[in-house]
A.B. asks: 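Sharing a structure here in structure tokens format.
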Amino acid sequence: MNNNHVFPILTLLFAITILFFLIIVPVSHCQDVDDHQFSNCSIPYPYRCGSSEFNISYPFWGGDRPQYCGREGFEIKCHHDDHQYHFIEFENQKYRVLILSMNESHPTMTIARDDLWNNYCPGTETQDTVMLEHFLFKYSPNVGNLSFFHCQEIPPQHPGYFNCSLDGEFITGFYTVSVPNHPPPILPNLPDTCQLLEIKVPFLLTALVDLKGTRNLGDVVNKGFEVEFLLDNTPCCDCYLSGGKCGSNSSNPGKFLCYCHDHEPQMSACPHPGMFLHILSKYRRLPLCFKAYIILDI
């Protein structure tokens with residue numbers, strides 16, 4: 001037997017064995033790291049509020065799900081009253097969360113203004129909808145704008161005429177509809193005494209049929225509008241593929257962190273053993289990565 005062939009084979013087998021232990025075998029016996037954040041962010045969190053329930057995961061947090069499991073600006077809250085519902089806040093405006101869809105390539109949320117819920121009637125102190133782009137959200141292409149104008153002297157035959165009651169005050173006016181990639185609406189001829197006060201409220205374009213058919217503004221406003229997330233999913237994608245859980249820095253909620261089992265939190269991806277999967281992912285970037293770390297984690 002030729003020993004010259006045996007020793008290289010043994011050496012190769014020894015090297016493969018060492019590599020196997022470095023990549024595959026967990027290192028929990030070598031380190032004593034408190035990974036309660038990893039465990040807490042791994043727990044599927046069904047957030048029930050009243051009759052509705054959402055399974056929330058990164059970037060959302062709220063209730064018993066800690067802030068470090070999500071991102072700043074993505075807190076889902078529960079309104080505790082006779083009518084319980086999920087909501088999210090931007091500045092001083094509250095929005096009911098109607099639908100939370102964590103689709104792999106098109107994550108969206110349908111929300112409705114709480115101050116106009118079941119009473120669309122826009123008062124003189126009603127504010128425009130806040131600029132959601134300042135809060136890591138943007139309007140989806142399925143959203144248009146309703147613009148309400150106060151005008152007590154406008155006759156009922158004017159296009160978009162409406163009347164409503166707010167706090168015992170009878171309000172009349174008209175509305176216009178703005179649709180993306182279309183010219184702005186033309187304002188009707190108005191009486192000289194008409195003082196315009198414009199209030200913009202986003203709405204779903206699919207509700208245009210209802211608006212034209214019934215002119216029920218309340219139903220249209222209650223259906224809310226759709227927003228998309230302005231959030232780079234690459235760090236969370238890398239974190240998930242390396243075996244970690246996505247979150248944020250407790251002292252800096254806007255800073256991404258990857259929580260790892262039996263390791264200190266990382267800026268992007270976890271070290272061994274998940275690094276092997278992380279390396280493989282560089283050669284085959286998963287198109288459903290957003291779905292992987294959002295849907296499969298809940």
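These numbers come from the heavy atoms of this one structure, side chains and all, not from hydrogens, waters or symmetry mates.
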A.B. asks: Any donor and acceptor pair, going by atom type alone, linking the side chain of His158 with main-chain N or O of Pro156 inside 3.5 Å?
C.D. replies: no
A.B. asks: Nearest 0.5 angstrom please: Ile88 CD1 to Tyr95 OH, how far?
C.D. replies: 10.5 Å
A.B. asks: What is the minimum heavy-atom distance between Phe170 and Gln152, and which atoms define it?
C.D. replies: O-NE2, 3.4 Å
A.B. asks: Is there a side-chain contact between Phe256 and Tyr58, using heavy atoms and a 4.5 Å cut-off?
C.D. replies: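 Phe256 reaches Tyr58 side chain to side chain.
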A.B. asks: Test your reading of the model: is there a side-chain donor-acceptor pair from Thr172 to the backbone of Cys151, 3.5 Å cut-off?
C.D. replies: yes
A.B. asks: Kindly give the heavy-atom pair with the smallest separation between Val143 and Glu226, and that separation in Å.
C.D. replies: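 Reported closest heavy-atom pair: CG2-O, 3.2 Å.
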A.B. asks: I'd like to check Cys270 versus His263 (side-chain heavy atoms, cut-off strictly below 4.5 Å). Are they in contact?
C.D. replies: no
A.B. asks: A side-chain contact here means heavy atoms from C-beta on lying under 4.5 Å apart; do Phe148 and Val201 qualify?
C.D. replies: yes
A.B. asks: Tell me the closest heavy-atom pair linking Ser52 and His86, and the distance in Å.
C.D. replies: OG-ND1, 2.9 Å
A.B. asks: Check the hydrophobic clustering (I, L, V, M, F, W, Y; side-chain heavy atoms under 4.5 Å; chains of links allowed) and say if Leu98 and Tyr120 are grouped together.
C.D. replies: no
A.B. asks: If you look only at pairs with a residue in residues 66-81, which of them pass as a salt bridge (charged side-chain N to carboxylate O under 4.0 Å, His left out), with sequence neighbours excluded?
C.D. replies: Lys77-Glu89
A.B. asks: Identify which one of Lys200, Gln93, Arg113 satisfies the side chain to side chain donor-acceptor pair (under 3.5 Å) criterion when paired with Thr129.
C.D. replies: Arg113
A.B. asks: So, Asn216 versus Asp219: side-chain donor-acceptor pair below 3.5 Å or not?
C.D. replies: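 Note: Asn216 and Asp219 side chains meet the donor-acceptor criterion.
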A.B. asks: By ring pair (Phe, Tyr, Trp, His ring centres under 6.0 Å), which residues pair with Tyr161, not counting sequence neighbours?
C.D. replies: none
A.B. asks: If you measure SG to SG, does Cys246 sit under 2.5 Å from Cys258?
C.D. replies: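 No - the two cysteines, Cys246 and Cys258, have SG atoms at least 2.5 Å from each other.
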A.B. asks: With heavy-atom distances below 4.5 Å as the criterion, would you say the side chains of Met109 and Phe60 are in contact?
C.D. replies: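 SC-SC contact between Met109 and Phe60 confirmed.
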A.B. asks: List the atom of Asn249, the atom of Leu257, and the distance in Å for their closest heavy-atom pair.
C.D. replies: CA-CD1, 3.7 Å
A.B. asks: Could you tell me the separation between the CD1 atom of Ile99 and the CZ atom of Phe54, rounded to the nearest 0.5 Å?
C.D. replies: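 Atom-to-atom, Ile99:CD1 and Phe54:CZ are 8.0 Å apart.
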A.B. asks: Hey, what do you get for SG (Cys164) to CD (Glu169), rounding to the nearest 0.5 Å?
C.D. replies: 9.0 Å
A.B. asks: Tell me whether Arg96 forms a cation-pi arrangement with Tyr85, defined as NZ or CZ under 6.0 Å from the six-membered ring centre and within 45 degrees of its axis.
C.D. replies: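 Geometry flag: set, cation within 6.0 Å and 45°.
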A.B. asks: Do Phe87 and Leu116 belong to the same hydrophobic cluster, where Ile, Leu, Val, Met, Phe, Trp and Tyr are linked whenever their side-chain heavy atoms lie under 4.5 Å apart, directly or via other members?
C.D. replies: no
A.B. asks: Nearest 0.5 Å, what's the CG-OG distance between Asn119 and Ser165?
C.D. replies: 7.5 Å
A.B. asks: What is the minimum heavy-atom distance between Trp117 and Ala112, and which atoms define it?
C.D. replies: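 That would be CZ3-CB, 3.8 Å.
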A.B. asks: Start with the C-alpha gap between Phe225 and Leu132, add the side-chain angles, then the distance that decides, and say whether side chain to side chain contact (heavy atoms under 4.5 Å, CB included) holds.
C.D. replies: CA-CA 12 Å; Phe225 56 95; Leu132 297 182; 3.8 Å; yes
A.B. asks: Might you work through the side chain to side chain contact (heavy atoms under 4.5 Å, CB included) test for Phe90 and Phe137, ending with a clear yes or no?
C.D. replies: CA-CA 10 Å; Phe90 307 112; Phe137 294 93; 3.6 Å; yes
A.B. asks: Report the C-alpha distance between Arg65 and Ile56 in whole Å, list the side-chain angles of each, state the deciding distance to 0.1 Å, and finish with yes or no for side chain to side chain contact (heavy atoms under 4.5 Å, CB included).
C.D. replies: CA-CA 9 Å; Arg65 181 175 171 85; Ile56 63 174; 3.8 Å; yes
A.B. asks: Hey, any chance Val130 and Leu230 share a hydrophobic cluster, counting ILVMFWY side chains that come within less than 4.5 Å of each other, even indirectly?
C.D. replies: no
A.B. asks: Are Leu146 and Val177 close enough that some pair of their side-chain heavy atoms sits under 4.5 Å apart?
C.D. replies: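 Side-chain contact under 4.5 Å: yes.
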A.B. asks: Could you pull out the closest heavy-atom pair between Val97 and Ile111, with the gap in Å?
C.D. replies: CA-CG2, 4.2 Å
A.B. asks: Looking at CD of Gln266 and OG of Ser242, how far apart are the two atoms once the value is rounded to the nearest 0.5 Å?
C.D. replies: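 It comes to 8.5 Å.
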A.B. asks: To the nearest 0.5 Å, what is the distance between SG (Cys69) and CH2 (Trp61)?
C.D. replies: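 If we round to the nearest 0.5 Å, Cys69:SG and Trp61:CH2 are 10.5 Å apart.
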A.B. asks: Between the side chains of Tyr259 and Asn40, is a donor N or O closer than 3.5 angstrom to an acceptor N or O?
C.D. replies: no
A.B. asks: Are the side chains of Lys138 and Glu228 in contact, using a 4.5 Å heavy-atom criterion?
C.D. replies: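 Yes. Closest side-chain heavy atoms under 4.5 Å.
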A.B. asks: I'd like to know if the side chain of Glu53 and the backbone of Arg48 have a donor-acceptor N/O pair within less than 3.5 Å.
C.D. replies: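 No: the side chain of Glu53 does not pair with the backbone of Arg48.
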A.B. asks: Indicate yes or no: at least one non-hydrogen side-chain atom of Pro271 is less than 4.5 angstrom from one of Cys260.
C.D. replies: yes
A.B. asks: Can you say whether the rings of Tyr175 and Phe162 are parallel (under 30°), tilted (30 to 60°) or perpendicular (over 60°)?
C.D. replies: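 Tyr175 vs Phe162 ring planes: tilted.
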A.B. asks: Report yes or no: does His150 contribute a side-chain atom to a donor-acceptor pair with the main-chain N or O of Pro122 at less than 3.5 Å?
C.D. replies: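 Yes, the answer is positive, given that a donor and an acceptor are paired below the 3.5 Å cut-off.
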A.B. asks: Just wondering, do Ile171 and Asn163 contact through their side chains at under 4.5 Å, heavy atoms?
C.D. replies: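 SC-SC contact between Asn163 and Ile171 ruled out.
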A.B. asks: Please report the C-alpha distance between Tyr45 and Ser57 in whole Å, then the side-chain angles of each, then the deciding distance to 0.1 Å, and finally whether the side chain to side chain contact (heavy atoms under 4.5 Å, CB included) criterion is met.
C.D. replies: CA-CA 7 Å; Tyr45 183 54; Ser57 60; over 6 Å; no
